[in-house]
Amino acid sequence: MKLEECLKLPDRISIEECAEYFKKALSCFYKNEITKQEFLDILLELTDRQVMTYEIIEKNLRNELDKCIVSLWNTDSYDDVDTILSIVANLGLEKTYEVIKESLNNVERMSEDIYYEIKDCVEENGDNISNPYRFLDKE
């Protein structure tokens, strides 16, 4: 799977199609067919499409994504932080979010820009990240 493939996807695809693409991206990453940066860029594109389904992804897939993303978390790269924060907040990745919140305790190990990006995300999302649609008005 390549980023170009994801960029060609329509803005709206079904939750089932999203799940298949996420699984394909994970598989390619685990097989070292794509770099970490390519993987994160692909996940960001897929996350944008998944958000448009207005449904939470299936629990096992969400756990697998969470397990993988938490292993990639670092506060050395602003771009990585920005991308991962977006993915985590929009997919409701709880384990990674806990690690992200804990990273605020190591402020001396990150740039000021990264610290404030993380802090803003945590303030915006609070303690409950599991439902990315919690802010939508219910009619």
Out of curiosity, [X] [atom1] to [Y] [atom2], how far, rounded to the nearest 0.5 Å?
| X | Y | atom1 | atom2 | answer |
| --- | --- | --- | --- | --- |
| I118 | E123 | CD1 | CD | 12.0 Å |
| C28 | I42 | SG | CD1 | 7.0 Å |
| L93 | S130 | CG | OG | 11.0 Å |
| I69 | E64 | CD1 | CD | 10.5 Å |

Which residues satisfy the side chain to side chain contact (heavy atoms under 4.5 Å, CB included) test with [X], sequence neighbours excluded?
| X | answer |
| --- | --- |
| A89 | N125, I129 |
| E38 | K2, I34, T35 |
| Y78 | D82, D113, I114, E117 |
| S14 | E16, E17 |

Identify the heavy atoms of V122 and L104 that sit nearest to each other, and give their distance. CG2-CD1, 4.0 Å
Looking at every heavy atom in both M110 and S103, which two are closest together, and how far apart are they? CE-O, 3.0 Å
For E112, all residues meeting salt bridge (Lys or Arg N to Asp or Glu O under 4.0 Å), sequence neighbours excluded: none
Would you please name every residue forming a salt bridge (Lys or Arg N to Asp or Glu O under 4.0 Å) with K101, sequence neighbours left out? E98, D127
Give a yes or no on whether the backbone of S77 and the side-chain of N74 come within a donor-acceptor separation of less than 3.5 Å. yes
For [X], enumerate each residue passing the side chain to side chain donor-acceptor pair (under 3.5 Å) test, keeping only those at least two apart in sequence or located in another chain.
| X | value |
| --- | --- |
| S86 | N90 |
| R49 | E45 |
| Q37 | D41 |

Qualifying residues under ring-ring contact (aromatic ring centres under 6.0 Å, His included), relative to F29, sequence neighbours excluded: F39
Same cluster or not: [X] versus [Y], using hydrophobic residues (I, L, V, M, F, W, Y) connected whenever any side-chain heavy atoms lie under 4.5 Å apart?
| X | Y | result |
| --- | --- | --- |
| I84 | Y30 | yes |
| V51 | L40 | no |
| L44 | V70 | yes |

Once ring-ring contact (aromatic ring centres under 6.0 Å, His included) is applied, what residue pairs with a partner in residues 88-120 remain, sequence neighbours excluded? none
Validation row: [X], [Y] side chains within 4.5 angstrom (heavy atoms):
| X | Y | result |
| --- | --- | --- |
| T75 | N106 | no |
| I87 | T96 | no |
| I57 | L65 | yes |
| L43 | F22 | yes |
| L46 | C18 | no |
| I100 | C121 | no |

Determine, step by step, whether W73 and V88 satisfy the side chain to side chain contact (heavy atoms under 4.5 Å, CB included) criterion, reporting the C-alpha distance in whole Å, the side-chain angles of both residues, the deciding distance to 0.1 Å, and the verdict. CA-CA 11 Å; W73 177 249; V88 167; over 6 Å; no
Determine, stepwise, if the pair K24 / E20 fulfils salt bridge (charged side-chain N to carboxylate O under 4.0 Å, His left out). CA-CA 6 Å; K24 189 174 179 182; E20 289 307 311; over 6 Å; no
With salt bridge (charged side-chain N to carboxylate O under 4.0 Å, His left out) as the rule and sequence neighbours excluded, what pairs involving residues 69-80 come up? K36-D80
I'd like to know whether Y54 forms a side chain to side chain contact (heavy atoms under 4.5 Å, CB included) with I15, so could you lay out the CA-CA distance, the side-chain angles of the two residues, the decisive distance to 0.1 Å, and finally the verdict. CA-CA 9 Å; Y54 296 98; I15 190 78; over 6 Å; no
Check this for me, if you would: do E94 and R62 make a salt bridge, where the nitrogen-to-carboxylate-oxygen distance has to be below 4.0 angstrom? no
